[in-house]
Amino acid sequence: MAREFQRGHKARISDLTAGTDLYVGVQIASPGLTFDISCFGLDADERLSDDRYFVFFNQPKSPEESLQLLGAQAGDTESFRVTLDRLPAHVHRLSFTAAIDGAGQMSQIGPGYIRIVAGGEEVARYPFTGSEFTTERAVMLGDFYLKDVWRFAAIGQGFDGGLEALLKNFGGEVAEEQQAAQQPMGAAPAFAPPAQATAPPVFGVPSQASQTPQIPQAPQPAPSFGTPAAPPPAPPQTPPSAYPPPQRNPQIHTAHTIAAPVFPPGGAVPPHPPGDGLPPQPPQFGQAPGQTMPLAPPAPFGAQPSAPYGQPQGVPAAGAGLQAALQPYRETPTGQRWTPQNQQLMRVELGIGGSAVLARQGSMVMYQGRVDFSHKSAGYVGRKLGDATGQEMQLMRCSGRGQVFLAEDAAQLHPIELQGDGICVSAENVLAFDETLQYEIRRIEGHGIPGGALFTMQLTGTGTVVVKTRGTPVVLPVTPTTFADANAVVAWSSASQVILSSQVRLRRNAYPGHSGETVNLQFRGAPGNFIVVQPYEV
């Protein structure tokens, strides 16, 4: 009897069957939708390091034929032959996926499954339905992975984007479709399903009702497994036809995906044209010196923020109702690693970039997928230094595959992408950052105050840091006469020179009352450096 899996369940292949020459069948369908069902052969880092082990409609088998695309048969929309003991040493994981080709969402699919058959007998099945998904256009169905021994895991994780997004997630890149003439239709690889009268393959593909089950021919992958039992009759309808001929022919490259600069909704504001009489724009928050990429404020939450939450704005195109009322507040997937959902909520896609995220403890408000949260220890020295400087951060490490939503105290969030440069931010204003960034506590020299110094956190390297502010910040260029309140400044370019400026004078303080602005930060630096100030004092 086949073992039925639920999402997240795992088992050793040897506990399911003694065989290593396996049949994997996928059944997924919905009226009007077409699916690309593929298998990714991944390395130890879960990357597609060799595109020859991406088996799909246009590449039906791996070089040594350890992975083969068989087509639709035995009631399955698509099927594969997997010979585990013939896989090369660099393949550590096989990920079976399904993506919608064209318009549609995974919530529209009917009941489906992925199953494992050994010797003609079904040994494992993971069923799923469209109710488990929403707007996703692809799904990771199940994985074979090597951990001492080969194991199977039921994944069932929805994924934004289609086949191209899956490729990028696994480290590949899809080139534009070539318009050059393809090979004649007759020269396409023969991966179409066999005729119904043909006997099942020797490794035990489930037979049709009109066929007689056969005993696997020697040599069997596991002689002790025995003769496969006769499979149940297949549905009377004709199996789905094979995939269309290979017309799309995307080219797969093994270069890692590099995320483009991430900015909140609103896009970049072009600089004023010369001679228009307007003053030049100062460098914006997150702008590298010499660039003209201002960071516009995030778009308002919803189409018309003045209306109460859930109230339709006029009459929606699809008519009034609950779905129309909630439409302005739905998740905004973009296929990028960091995506602002609104001014106060940030979405991070852990499957993109390949590295973990360090976030302030307690900042997670929701997550989807297989995400692991663990404590990020600063060590004894780090804790002592953080206590002494006030720059201690209690961090958690978010890793795995899925989406994590971060927020804290409804503060405004601003993703800043660093590409080899650096930024200084008060630890109080850091929400999260990529683990690829290096961070350290930096001392600000000064005089005239007890201790003679203040401290900040400096982040350098390549990655994204999410900075939080109270209210909409303002960005000022650094000039020789730029001063800022130490309690209101949020961040500044790490190339700036910062000193403490004290206005404490005996004569001024010998009498009752003073301005209260006794200690400020003075900034100096070359043109292109900036400071960020929020309309709030800590």
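Everything numeric in this text was worked out from a predicted model, so none of it was measured.
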Contact check, side chains of Trp150 and Leu87, non-hydrogen atoms, under 4.5 Å: yes

For Arg7, is there any backbone N or O sitting under 3.5 Å from a side-chain donor or acceptor partner on Glu132? no

Distance-only donor-acceptor check, side chains Ser355 and Glu435, under 3.5 Å: no

Test Val357 against Leu350 for side chain to side chain contact (heavy atoms under 4.5 Å, CB included), laying out the working first. CA-CA 8 Å; Val357 167; Leu350 295 179; 3.8 Å; yes

Are the side chain of Ser79 and the backbone of Gly71 linked by a donor-acceptor contact shorter than 3.5 Å? yes

Would you say Arg12 has more than 12 foreign heavy atoms packed within less than 6.0 Å of its CZ? no

Non-hydrogen side-chain atoms of Met140 and Leu166 separated by less than 4.5 Å: yes

Is there a side-chain contact between Arg81 and Glu65 in this structure, where contact means two heavy atoms from C-beta onward sitting under 4.5 Å apart? no

side-chain contact (heavy atoms from CB on, under 4.5 Å) partner of Leu42, chosen from Asp50, Leu94, Val91, Leu48: Leu48

Are Met457 and Val425 close enough, and set up right, to give a side chain to side chain contact (heavy atoms under 4.5 Å, CB included), and what steps lead you there? CA-CA 5 Å; Met457 177 177 289; Val425 189; 5.6 Å; no

Between the CZ atom in Arg93 and the CG atom in Asp43, the distance rounded to the nearest 0.5 Å is 11.0 Å

So, for Gly402 and Val371, which heavy atoms are closest and what is the spacing to 0.1 Å? CA-CG2, 4.1 Å

Output, in order, the C-alpha distance, side-chain angles, deciding distance and verdict of side chain to side chain contact (heavy atoms under 4.5 Å, CB included) for Ile116 and Phe5. CA-CA 11 Å; Ile116 303 173; Phe5 283 67; over 6 Å; no

Would you confirm whether Arg86, through its side chain, and Glu64, through its main-chain N or O, come within 3.5 Å as a donor-acceptor pair? yes

Let me check something: any side-chain donor-acceptor pairs from residues 362-370 under 3.5 Å, sequence neighbours excluded? List them with distances.
from, atom 1, to, atom 2, distance (Å)
Ser363, OG, Arg360, O, 2.7

Between the side chain of Ser62 and the main-chain N/O of Leu67, is any donor-acceptor distance below 3.5 Å? yes

Would the distance check show the side chain of Asp421 and the main-chain N or O of Gln419 forming a donor-acceptor pair, the cut-off being under 3.5 Å? yes

Heavy atoms, side chains only, cut-off 4.5 Å: are Leu418 and Thr460 in contact? no

Between Thr436 (side chain only) and Thr462 (backbone N and O only), is there a donor and an acceptor less than 3.5 Å apart? yes

Might you point out which heavy atoms bring Pro127 and Arg125 nearest each other, and give the distance in Å? CD-O, 3.7 Å

Just verifying a value: how many Å separate Leu33 CG and Ile100 CD1, rounded to the nearest 0.5 Å? 5.0 Å

Single hit among Glu4, Glu78, Glu122, Glu121 for salt bridge (charged side-chain N to carboxylate O under 4.0 Å, His left out) with Arg115: Glu122

Residue pair His90 / Ser49: nearest heavy atoms and the distance that separates them: ND1-OG, 4.3 Å

Gap separating the CZ atom of Arg3 from the OG1 atom of Thr17, nearest 0.5 angstrom: 13.0 Å

With side chains defined as the heavy atoms from C-beta onward, is the minimum distance between Leu406 and Val466 less than 4.5 Å? no

Using side-chain contact (heavy atoms from CB on, under 4.5 Å) as the criterion, point out the one residue from Val117, Val123, Ile13 that pairs with Leu22. Ile13

Report yes or no: does Asp434 contribute a side-chain atom to a donor-acceptor pair with the main-chain N or O of Leu437 at less than 3.5 Å? no

Hey, does Met346 have a side-chain heavy atom less than 4.5 Å from the side chain of Trp338? yes

Using a 3.5 Å distance criterion without hydrogens, assess whether the side chain of Arg47 forms a donor-acceptor pair with backbone atoms of Asn169. yes

Those residues that, when tested against Tyr113, pass ring pair (Phe, Tyr, Trp, His ring centres under 6.0 Å) (two or more places apart): none

Would you confirm whether Gln108, through its side chain, and Gln105, through its main-chain N or O, come within 3.5 Å as a donor-acceptor pair? yes

When you look at Val24 and Phe144, which way does the side chain to side chain contact (heavy atoms under 4.5 Å, CB included) test go after all the steps? CA-CA 11 Å; Val24 178; Phe144 288 6; 3.8 Å; yes

For Gly156 versus Phe133, what's the shortest heavy-atom pair and its separation? O-CE2, 3.6 Å

Are Lys468 and Asp409 within salt-bridge range, i.e. N to O under 4.0 Å? no

Could you walk me through whether Phe54 and Phe170 pass the ring-ring contact (aromatic ring centres under 6.0 Å, His included) check? CA-CA 10 Å; Phe54 170 41; Phe170 290 128; 9.0 Å; no

To the nearest 0.5 angstrom, please state how far the CZ atom of Phe96 sits from the OG atom of Ser38. 10.5 Å

Rounded distance (nearest 0.5 Å) linking atom NZ of Lys376 with atom CD of Gln361: 12.5 Å

Testing Arg347, Gln341, Gln403 one by one against Glu331 for a side-chain hydrogen bond (donor to acceptor under 3.5 Å, both in side chains), which residue passes? Arg347

Using side-chain heavy atoms (C-beta onward) and a distance below 4.5 Å, is Pro415 in contact with Pro340? yes

Separation between CZ (Phe152) and CG (Leu16), nearest 0.5 Å, reads 8.5 Å

Using 30° and 60° as the class limits, which term best fits the ring planes of Phe128 and Tyr126: parallel, tilted or perpendicular? tilted

Please examine the side chains of Phe159 and Glu136, heavy atoms only from C-beta on, and report whether any two atoms are closer than 4.5 Å. no

What closest approach, in Å, do Glu408 and Leu431 show between heavy atoms, and which atom pair accounts for it? CB-CD1, 3.9 Å

How close do Ala98 and Ile37 get, counting heavy atoms only, and between which atoms? CB-CG1, 4.2 Å

